[in-house]
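Worksheet: the structure to be examined is printed underneath.
In what follows, every heavy atom counts, from backbone to side chain, and hydrogens, waters and symmetry copies are set aside. So you know, we letter chains A, B, ... as the sequences are listed, proteins then strands, and number each from 1.
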2 protein chains.
Amino acid sequence: MRELTRAEEQIMQILWKLKKGFVKDILEHFDEPKPAYNTVSTIVRILQDKGFVTHKAYGRTHEYYPVISKSEYSKSHLKTFVNDYFSNSFEKMVSFFAKEKSISVKEMEEIMKIMETEVKKQKIR
Amino acid sequence: MRELTRAEEQIMQILWKLKKGFVKDILEHFDEPKPAYNTVSTIVRILQDKGFVTHKAYGRTHEYYPVISKSEYSKSHLKTFVNDYFSNSFEKMVSFFAKEKSISVKEMEEIMKIMETEVKKQKIR
DNA sequence: CTTGCATAACTAATTATTTCGTTGTATATT
DNA sequence: AATATACAACGAAATAATTAGTTATGCAAG
């Protein structure tokens, strides 16, 4: 999957939040200083060329939708990261952050609970 | 922490692997088609300006060292990612990937083992 | 010493990304 | 119909990143 550039990612984050939107809706969700209308419009069109969004036309105006979901993109992005920084091992990554105390005890307990459920579920089949 | 660009990251990965190296050593570790010597030299100097590497001079030639470790950088990078894609919750991220089956049962069992140890260790204090 | 080679530093050229002004057109308003 | 408004499309300009040529210098070999 193509990588999003900085500006593209910012707009995708807004679209993922909004689910859909006209350029003017996207623009509203920018913090000050807001970019020019045309800047947003251009980048949305680039995102469309790259296959990240599509649009529905209402006469001459376009309502844009994400085609790639936030989950899909994050999955692909994290995979690359795990591959590059943790020799493709989720385990290495997670245990690194557990040891680094980037994950709280409470979070770890939650994670263990979920994993137990998942392990059981996957072992049944 | 500044983000690494594509070319910069490639060189950092090599330096992290080598621990230290002259430009020519870095160059050797590129796959074909290798970039020009000067391309590598320029980017290493940019990395130095950004504070990612430093050097030890042997007369006129420089041996470069990472100043930011791979761990440090990956920590900062993943934090940004978790913040942007999982509303700053490691738990959300990990359980998403567990449910997606991106983490194998074997890996989950390992992770749970490590977390149990970590939880105990951190609860003692 | 002179020539050749290796290297860092500098700089120019190229390519990618971001930003936004301009244009043309459809639609709404008077 | 004439004018104003809103928008997508286009394109130019600005900025960032990448690539590599050129230059200057030190060192080694003859």
Side-chain angles (χ1 to χ4, degrees), chain A residues 1-16 18 20-68 73 77 80 84, chain B residues 1-15 18 20-68 73 76-77 80 84:
Chain A
M1 189 183 299
R2 289 284 286 287
E3 284 282 317
L4 295 169
T5 65
R6 217 169 178 56
E8 288 165 4
E9 188 180 359
Q10 209 172 2
I11 286 180
M12 284 306 291
Q13 289 284 1
I14 293 171
L15 270 179
W16 282 325
L18 299 182
K20 62 182 182 180
F22 298 92
V23 171
K24 111 177 113 43
D25 302 324
I26 296 169
L27 190 55
E28 266 173 21
H29 283 75
F30 269 88
D31 293 333
E32 298 295 346
K34 294 184 198 297
Y37 181 98
N38 286 337
T39 303
V40 175
S41 164
T42 300
I43 292 185
V44 169
R45 243 170 310 110
I46 291 168
L47 284 167
Q48 190 170 243
D49 291 345
K50 287 193 176 181
F52 281 91
V53 312
T54 187
H55 75 265
K56 195 169 156 185
Y58 291 94
R60 243 181 73 75
T61 91
H62 296 180
E63 189 172 34
Y64 293 94
Y65 298 84
V67 167
I68 306 285
Y73 184 72
H77 185 81
T80 306
D84 292 350
Chain B
M1 191 183 297
R2 290 285 284 290
E3 285 282 317
L4 294 170
T5 65
R6 218 168 178 58
E8 287 165 3
E9 188 180 0
Q10 210 171 1
I11 285 180
M12 284 307 290
Q13 290 282 1
I14 293 171
L15 269 179
L18 299 184
K20 62 183 180 180
F22 298 92
V23 172
K24 113 179 111 44
D25 301 325
I26 297 170
L27 190 56
E28 264 173 23
H29 283 76
F30 269 88
D31 292 333
E32 298 294 345
K34 295 184 197 296
Y37 181 99
N38 286 335
T39 302
V40 175
S41 165
T42 300
I43 293 185
V44 170
R45 243 168 311 109
I46 291 169
L47 284 167
Q48 190 170 243
D49 292 345
K50 287 193 176 181
F52 281 90
V53 310
T54 187
H55 75 264
K56 195 169 156 186
Y58 291 95
R60 244 181 76 72
T61 91
H62 296 178
E63 190 172 34
Y64 294 94
Y65 298 85
V67 167
I68 306 286
Y73 184 73
S76 142
H77 186 80
T80 306
D84 293 349

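With 3.5 Å as the limit, one finds a donor-acceptor pair spanning the side chains of B:H55 and B:Q48.
Checked by atom type and distance alone, the side chain of B:K50 never pairs as donor or acceptor with a backbone atom of B:I46 at under 3.5 Å. With hydrogens and angles disregarded, no donor-acceptor distance shorter than 3.5 Å links the side chain of A:H62 to the backbone of A:Y58.
No side-chain heavy atom of B:Y73 sits less than 4.5 Å from a side-chain heavy atom of B:M12. With a 4.5 Å cut-off on side-chain heavy atoms, B:V40 and B:F30 count as touching. Contact of the B:Y64 side chain with the B:T54 side chain is not registered, since no non-hydrogen atoms from C-beta on lie closer than 4.5 Å.
Rounded to whole angstrom, the span from the CG atom of B:D49 across to the C1' atom of C:dA8 amounts to 13 Å. For the pair B:E28 CD and C:dA6 P, the interatomic distance rounds to 14 Å; values are reported in whole Å. Distance A:Y37 OH to C:dT18 C1': 18 Å, rounded to the nearest Å. Atom pair A:E3:CD and C:dT17:P shows a separation of 11 Å (rounding to whole Å applied). Residue B:I46 contributes atom CD1, which lies 14 Å from atom P of C:dT11 at whole-angstrom precision. In this structure, OH of A:Y58 is placed 20 Å from C1' of C:dA28, rounded to the nearest angstrom. Separating the CG atom of A:L47 from the P atom of C:dA16 is a distance of 17 Å, rounded to the nearest angstrom.
Scanning for side chain to side chain contact (heavy atoms under 4.5 Å, CB included) contacts around A:E28 gives an empty result, with sequence neighbours left out.
Nearest-nucleotide mapping onto DNA chain C: of A:P35 and A:R2, the residue sitting toward the 5' end is A:R2. Across the interface with DNA chain C, nearest-nucleotide mapping of A:R60 and A:T5 shows A:T5 to be the residue nearer the 5′ end. Place B:A7 and A:E63 on DNA chain D by their nearest nucleotides, and A:E63 ends up nearer the 5' end.
The nucleotide range of DNA chain D contacted by chain A, defined by atoms under 4.0 angstrom from heavy atoms of the protein and reported 5' to 3', is D:dC7 to D:dG11.
The end-to-end axis angle of the helix from C:dC1-D:dG30 to C:dT30-D:dA1, rounded to 10 degrees and based on five pairs per end, is 10°.
Under 4.0 Å is where a charged nitrogen must lie from a carboxylate oxygen, and between B:R6 and A:E3 no such pair does.
One donor-acceptor pair, N or O on each side, does fall under 3.5 Å between the base of C:dA9 and the side chain of B:R45.
The number of heavy atoms from other shown groups lying within 6.0 Å of NZ (A:K20) does not exceed 12.
Closest to the side chain of A:N38, out of C:dT19, C:dA8, C:dG21, is C:dG21.
Among the protein residues, B:T61 comes within range of the sugar-phosphate backbone only, with heavy atoms under 4.0 Å from sugar or phosphate atoms but none that close to a base.
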